[in-house]
Amino acid sequence: MAINGKVVLVTGAARGIGRGIALRLARDGADIALVDMHRDKLDEVAGEVRELGRKASIFVADVSDRAQVFAAVDHAEKELNGFDVMINNAGIAQVKALEDVTPEEVEKIFKVNVNGVIWGIQAAADKFRARKQKGKIISASSIAGHDGFALIGAYCATKFAVRGLTQAAARELAPYGITVNAYCPGVVGTDMWVQIDEGFSKITGAPKGETFKKFCDGIALGRPETPEDVAALVSYLAGPDSDYMTGQAVLIDGGMVYR
Ligand code: NAD
């Protein structure tokens, strides 16, 4: 109950890791502002949050659009009567050899994974300062933000960028009592990995499921990661136990990338 009564906004909350974070933080006692591009699934997650006894609000927004991210933060504050933690979780994957990736594809993935995080940092910092309060900003990086992996080069570049933004924002916002950190999952069994696995199959000819299995074979703890594994770290980053941490991009991957 460390974050009892706090208001947390989660982007990409309709499924996967975002949904897992929303439910975990609701269990921790927070009210959750759910933001995603997909309305239908957001309603389901809101129902799950409410079943846990917490308030949930819903806002449909594309994080690549700065005005929509600012509007999402305003909506969360108004609906839930506060604003304490911003989780920039929404992101997209892309499987393509660097030699083949097009300008449109590079632009698309950077608009969501990098620009979306910048708008999230801006909107949250603006709100914390307007409310004259401390706050926490937490963003999704990845093992792919620590190591470059073949065939997901542009994705890796966006996740390395999230680490850079996290460090810079931590230094800029520390004077306001705002901390900025990131979580770096490994291989989480979400819809995103279904898409990555399919993308690898198209290029390498690997049968369906084989790329996922190959990546999982490299996990020291011997199983794929779950959204709950990631959410446990985010719970720490969102709570008071991490008050003295800022600028970090913390790996939680079952033992894949060691830093
Ligand atoms: P997912 O594809 O299962 O879910 C992503 C959610 O984000 C979806 O609900 C989608 O609608 C939403 N979304 C996508 N683009 C959006 C946009 N422009 N605006 C608003 N919402 C948008 O993905 P996931 O596996 O849950 O991943 C969540 C985050 O964690 C991503 O940033 C991803 O890069 C990162 N991550 C995932 C893994 C993994 O193995 N799955 C590993 C490391 C990092």
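Both ligands and their constituent atoms are indexed starting at 1 by order of listing. None of the values given here were measured: they were computed from a predicted structure. Note: hydrogens, waters and symmetry copies are ignored here, and every other heavy atom, side chains too, is used.
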Exercise for the section: Would you indicate whether Gln133, at its atom CD, is surrounded by more than 12 heavy atoms from other residues, nucleotides or ligands within a distance under 6.0 Å? Expected result: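 It does: Gln133 CD has more than 12 such atoms within range.
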Problem - Enclosure of Asp147 CG (heavy-atom neighbours >12, cutoff 6.0 Å) - result: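 Yes.
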With a cutoff of 4.0 Å, is [X] in contact with ligand 1, counting heavy atoms of the residue only?
X: Ser141; result: yes
X: Gly145; result: no
X: Thr11; result: no
X: Lys41; result: no

For [atom], find the nearest protein heavy atom and state the residue, atom name and distance (0.1 Å precision).
atom: atom 18 (N) of ligand 1; answer: Asp62 OD1, 2.9 Å
atom: atom 43 (C) of ligand 1; answer: Ser142 OG, 3.4 Å
atom: atom 28 (C) of ligand 1; answer: Asn89 OD1, 3.5 Å
atom: atom 35 (C) of ligand 1; answer: Tyr155 OH, 3.9 Å
atom: atom 40 (O) of ligand 1; answer: Val188 N, 2.8 Å
atom: atom 2 (O) of ligand 1; answer: Arg15 NH2, 2.8 Å
atom: atom 27 (O) of ligand 1; answer: Ile17 CD1, 3.8 Å
atom: atom 42 (C) of ligand 1; answer: Gly186 O, 3.1 Å

For ligand 1, does [X] get within less than 4.0 Å through its side chain, its backbone, both, or neither, judged by non-hydrogen atoms?
X: Ala13; result: neither
X: Cys184; result: neither
X: Lys159; result: side chain
X: Ala140; result: side chain
X: Val112; result: side chain

Sub-4.0 Å atoms of ligand 1 with respect to non-hydrogen atoms of [X]:
X: Gly12; answer: 6 (C), 7 (O), 12 (C)
X: Ala61; answer: 19 (N), 20 (C)
X: Ile92; answer: 14 (C), 15 (N)
X: Gly91; answer: 14 (C), 31 (C), 32 (O)
X: Ala14; answer: 9 (O)
X: Gly16; answer: 26 (O)
X: Val187; answer: 40 (O)

Is a side-chain donor or acceptor of [X] paired with a backbone partner of [Y] at a separation under 3.5 angstrom?
X: Gln94; Y: Glu105; value: yes
X: Arg54; Y: Ala26; value: no
X: Gln68; Y: Ala61; value: no
X: Asn113; Y: Ile92; value: yes
X: Thr11; Y: Asn89; value: yes
X: Asp229; Y: Thr226; value: yes
X: Thr246; Y: Val180; value: yes
X: Lys159; Y: Ala140; value: yes
X: Lys208; Y: Ser201; value: no
X: Asp84; Y: Val7; value: yes

Exercise for the section: Give the cluster check for Met86 versus Tyr176: same hydrophobic cluster or not, with ILVMFWY residues linked at side-chain heavy-atom distances below 4.5 Å. Expected result: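 Result: yes, single cluster for both.
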Exercise for the section: Look at the side-chain heavy atoms of Ile, Leu, Val, Met, Phe, Trp and Tyr, link any pair under 4.5 Å apart, and say whether Tyr236 and Ile21 land in one connected group. Expected result: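 Yes, because Tyr236 and Ile21 connect within a single hydrophobic cluster, where side-chain heavy atoms sit under 4.5 Å apart.
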Exercise for the section: Would you check the N or O atoms of Thr190, main chain and side chain alike, for any that come under 3.5 Å of an N or O of ligand 1? Expected result: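 Yes - when backbone and side-chain N and O of Thr190 are compared with those of ligand 1, one distance drops under 3.5 Å.
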Exercise for the section: Look only at interatomic distance and state if His38 has a nitrogen or oxygen under 3.5 Å from any nitrogen or oxygen of ligand 1. Expected result: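 Yes.
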Exercise for the section: Look at the rings of Phe215 and Phe149 and say which category their plane angle falls in: under 30° parallel, 30 to 60° tilted, over 60° perpendicular. Expected result: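 Judged by the thresholds at 30° and 60°, the geometry between Phe215 and Phe149 is tilted.
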Problem - Contact check, side chains of Leu251 and Cys184, non-hydrogen atoms, under 4.5 Å - result: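 Heavy-atom side-chain distance check passes, below 4.5 Å.
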Handout entry: Identity of the nearest option to atom 12 (C) of ligand 1, non-hydrogen atoms only, from Asp36, Val35, Asp253
Key =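 It is Asp36 whose heavy atom sits nearest to atom 12 (C) of ligand 1.
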Practice task
Tell me which one of Asp65, Val63, Val117, Val69 gets a heavy atom nearest to atom 19 (N) of ligand 1.
Solution key: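 Closest candidate by heavy-atom distance is Val63.
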